[in-house]
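Working notes, structure below.
All residue numbers refer to positions in the sequence shown, counting from 1. Atoms considered below: every heavy atom in the structure, side chains included; atoms not considered: hydrogens, waters and symmetry mates.
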Amino acid sequence: MSENVVHLHKPTDAPAADTATVTTLTVVPDASPARPVPLWVRSGRAVKTAVTHERTRSAGRAVVRHGLYTFNGGRIVARRAWDGRTGSRYERMIRAAEAAGNLEAAEEWEERLQRFRAARHHRRMDLLHSPVDAAKGVAVGAGMSVGVLVALGVVLAISTGEVSDVVTPLSATIDFIALLIRIVQVVWGPAVTIGPFLALLALWSVGRKQQAAPQWALPANVRSGEGEPITPSIVVKALRDLGIAPLKTAIKEMGDAGASMLGPIRIAGCGVEVDVTLPSGVATNEVQKRRRKLAENLTRHEHELFITIPEAARTVRLWIADSGALDEPIGPSPLVTDETLTANYKTGKAPWGQDLRGDAAMISLYQRHLLVTGLSNQGKTAAVRALALWLALDRAVKFWIADLKGVGDWAMFDGIAEVLIEGPSDSHCIQATEMVEDAVEEMNRRIEARRKDPSLVFPPLIVLVDEAQKAFMCPAKGEDGRPYGGSKATSRYFMAVREIHNQGRAVDVLMWQGTQDPTDQNLPKLVREGAHTRASLVVGTESQAAMALGDKAVNAGAAPHLLRQGLDKGTLVVASDGITIPAGQPSITVRTHFIDDEPAAEIAARAKALRDGVTTLREAEQGEERDALADVAAVIGDASRLRTNEVLKRLHALDPKIYGDQWTNDRLKALLEEHGEEPKKSHGVMVVHRDHVARALANRDTDGSASATQ
């Protein structure tokens, strides 16, 4: 038996055809060991870790904090001493009173300054005679003291019969003085050594009490505490440190250190308000663009400062919230707490929420088209629904509603609305478009009737489309080839809304729309500009804020794009003549009341009780009944399993009308779970097994149940 030969190197010549099989091994060398990290690299990493560690940062903040406590404590003590020796305190109060326009207080402080100067002059004149008077006083005092001691010694000598006792009191006094001198000699050295440290400790205590250190160096519990009260000096300092060179220079050159720029600081709700007249060369938009920096200079968060432009030239109006006040809830809606509350479409105002001053924000809905927009899940539907619930308490008002989200947000209007469409599919968008077109026909009918009889009065009709961006983006086309969605003159929804905006107000046919994340595609310019009341929750960009409210409002300080997504839910910036807006401002910020589904249903029940009974027309039923479980088995076919997404695609291809957009993974899972089965994961994806569906069919047939869907 021949022995196999193992070659360690690949042969260069090809083997002959009749050569015996040869096994070739290729020796793969081991990977070269990783190069050691240089010492300087490891040292640098260790130093970086140590320097950036939280303990190191905390220790650094502590060193800076306590050092500044001592330094700034010295400044505070020096300033107090200077104020006590000079009239600077009185001069500051005079400037502040003049800046606030309080001339009586200014005159009173001026009188106090004059009295202080007169008293100081009298003390200085007294110093001219004080050395002579002091010397005389010392001589007289010393003589009287010696005389008293000698007299006391005489009395003592008479009493004891010893003549030497005459000097005993005087000798005892001299010994006591010598003892005091020895005590001072012993204590003086340590006192000189410890004294400076005690002085530094005193200065540190003053600085610590005043928190005289930057915010970043203060302890966490102090940094997160309430902000400082807003005073004229704090506002001026915040403006001076804003980084605007002409403003900083002008403040330095002002004789009153900038106090003349400020109007009175007024309490306004959960904050204060002050008007600032900017010096020449500083534009109002320069201050607006630095909102965050100005807020932090005022020890506030960015969302706690609102900057608007009043009618006065070169003036910005600052509203500064109390620290943390905007994060507190505003309380329930009067619609929830007052069951006797009613509505009047023509003369009444809806309780929508509170403004930043804490006053009730009431809005008139009379003959005003409405547009509410914002990012998703920020309270848009709740804000619109709160207005509709109030208006539903006026029994004369009619509602046609299309909810293109279709998750039951408007279900309580079943029995109030004459038309209620709920669903997110293209078919629901088509029905919403046809509903708006029907409203156009109703509007034209009313206009024609009004021409014949000008005295006719029509019941208000609110045509409400929630998630209107779906209608604008609907790709479906009608039999005539016209698209339902879009922003061109051929778009059916767009043109119907435009017609209502143009003429509906005259006959009380009003268009209300709620839409999210506005763009020129899902909210055309002509539609958004046709609304009389425009409101915006938080949006992503300043350009979207301009789309929602208009360029004029945004240029004047309206800033829904600066609200906090997720934290400022339900906070709206409103531009409308139906709500009271402070003079000189084009918009107002409103924190709306949130009405949950359960209290909303109770309010809707009160509205239904006021009406004679309304039969709500829902979307028409489509297609024939189908056996959904059998259809799932049919689309799986011979495959052992299919991904759930593939099953849904095949169901949609089988019957697009029945298995449209409303059929999702959750609905498919619910169908199988109803019959004891459910989709399983395979290699990380959800799949439906043919055997499981067959078993579900068998279980259903055994139970005698039937599962059918529209």
Inset, instruction - With sequence neighbours left out, write down each residue that passes ring-ring contact (aromatic ring centres under 6.0 Å, His included) with Trp410, or none if nothing qualifies. - result: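 Expected list: Phe413.
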For a 4.5 angstrom cut-off between non-hydrogen side-chain atoms, does [X] reach [Y]?
X	Y	value
Pro524	Arg498	no
Thr541	His561	no
Leu278	Val287	yes
Met261	Leu239	yes
Lys380	Gln516	yes
Leu387	Arg385	no
Lys349	Ile363	no
Leu461	Leu510	no

Side chains of [X] and [Y]: do they bring a donor and an acceptor to under 3.5 Å?
X	Y	value
Asp466	Thr381	yes
Glu286	Gln288	no
Gln544	Asp517	yes

Please determine whether a side-chain nitrogen of the Lys or Arg among [X] and [Y] lies less than 4.0 Å from a carboxylate oxygen of the Asp or Glu.
X	Y	result
Arg451	Glu448	yes
Arg446	Glu442	yes
Lys470	Asp426	no
Arg492	Glu437	yes
Asp438	Arg445	no

Counting heavy atoms not belonging to [X], are there more than 12 under 6.0 Å from its [atom1]?
X	atom1	answer
Arg482	CZ	yes
Leu610	CG	yes
His532	NE2	yes

Legend entry - Residue pair Ala604 / Ile416: nearest heavy atoms and the distance that separates them: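 In terms of heavy atoms, the two residues are closest at O-CD1, 3.6 Å.
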Inset, instruction - Flag this pair as yes if the NZ/CZ of Arg505 is under 6.0 angstrom from the six-membered ring centre of Tyr366 and inside a 45 degree cone about the axis; otherwise no. - result: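 No, Arg505 and Tyr366 do not form such a contact.
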Counting only pairs under 3.5 Å, give me each side-chain donor-acceptor contact of residues 547-559, with atom names and distances, residues two or more places apart or in other chains.
residue: Asn555; atom: ND2; partner: Asp551; partner atom: O; Å: 3.1

Where the side chain of [X] meets the backbone of [Y], is there a donor-acceptor pair that is under 3.5 Å apart?
X	Y	result
Asp596	Pro599	no
Thr315	Ala313	yes
Ser491	Gly486	yes
Arg291	Glu302	yes

Inset, instruction - Measure the CD1-OG distance between Ile579 and Ser587 for me, rounded to the nearest 0.5 Å. - result: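 Between Ile579 CD1 and Ser587 OG, I get 10.5 Å after rounding to 0.5 Å.
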Legend entry - Spacing of CD1 belonging to Ile309 relative to CZ belonging to Arg317, to within rounding of 0.5 Å: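 Spacing of CD1 (Ile309) from CZ (Arg317) equals 10.0 Å.
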Inset, instruction - Give me the ring orientation class for His369 and His501: parallel if the planes are under 30° apart, tilted from 30 to 60°, perpendicular past 60°. - result: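 It falls in the tilted class, 30° to 60°.
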